[in-house]
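The block underneath contains the structure these notes are about, expressed in structure tokens.
Computed from a predicted structure; not experimentally measured.
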Amino acid sequence: SRTSGIIATLDDIVRATMSGETGQRGYFITSDTRYLAPYRVGETDYAAGMARLRRQMGENLPADQAQLLAGISRLGDAKWAEMSGVVALVAQRRIPDAHARMLSDEGQLAMQGLRKSVAELESIEQVKLDRAVFAAAAAEARIVPSLTALFVVIVCALALGLWQAVRKAEAEAIAEGA
């Protein structure tokens, strides 16, 4: 459950960042503030997703996961800082400066790094999930024969109880006839 939640949160973080990027680019191209709605929603969702991810991951992380979590936070924050800068420049009508910032590849590099770090953490969590599924299947495989044996014992006990009830009824009938 924890691992599935982490994987879902990682997807939410990337999706929120992509939504923000789409809104930022739409605003840059058109200067239409309607494009800021998905940007703002993405910004809020990203912050909530990062907080949720930190909670889900916990405190005592292995070094590689702690490093990946820090990288995701750093790269995501860098991407959002780049997008925020472009949005601010467009709002100030400094389109050439915004264009230059977008062409600097700052945001592209941050997004590539974010995707790479998210993919690495997802693969670590997917391995954990696969192990848990395998362990659950193995436990189930051990339990099924025990449940089958228990079922046979219950059926035998019911048959014995029925046989005893029939014998008692016959004995009572013979005693009554005597």
To the nearest 0.5 Å, what is the distance between [atom1] ([X]) and [atom2] ([Y])?
X	Y	atom1	atom2	answer
Ile95	Arg93	CD1	CZ	6.5 Å
Ile174	Glu176	CD1	CD	11.5 Å
Leu109	Lys79	CG	NZ	10.0 Å
Lys116	Leu68	NZ	CG	9.0 Å
Gln65	Ile72	CD	CD1	10.0 Å

Would you name the heavy atoms of [X] and [Y] that are closest together and state the gap between them?
X	Y	answer
Leu129	Ser4	CD1-OG, 3.8 Å
Ala110	Ala78	CB-CB, 4.2 Å
Glu82	Arg101	CA-NH2, 3.5 Å

Is [X] salt-bridged to [Y], going by a charged N under 4.0 Å from an acidic O?
X	Y	result
Glu170	Arg167	no
Asp77	Arg74	no
Asp45	Arg15	no

### Task
Give the ring-plane orientation class for His99 versus Phe28, where under 30° counts as parallel, over 60° as perpendicular and anything between as tilted.
parallel
Check the surroundings of atom [atom1] in [X]: do more than 12 heavy atoms from other residues, nucleotides or ligands lie under 6.0 Å from it?
X	atom1	value
Glu140	CD	no
Gln92	CD	yes
Gln112	CD	yes

Backbone of [Y] reached by a side-chain donor or acceptor of [X] within 3.5 Å:
X	Y	answer
Ser117	Leu114	no
Arg2	Gln56	yes
Thr22	Met18	yes

#### Entry: Side chains of Arg54 and Ser73, donor plus acceptor under 3.5 Å
yes
Under 4.5 Å between any side-chain heavy atoms of [X] and [Y], yes or no?
X	Y	value
Pro96	Leu89	no
Val90	Arg94	no
Met83	Thr17	yes

### Which residues share a ring-ring contact (aromatic ring centres under 6.0 Å, His included) with Tyr27, sequence neighbours left out
none
### Single hit among Asp11, Ile6, Ile13, Ile7 for side chain to side chain contact (heavy atoms under 4.5 Å, CB included) with Thr9
Ile13
Indicate if [X] and [Y] have the same hydrophobic cluster label, given that clusters are the connected sets of ILVMFWY residues with side-chain heavy-atom separations under 4.5 angstrom.
X	Y	result
Trp163	Val155	no
Val127	Val133	no
Leu61	Leu121	yes

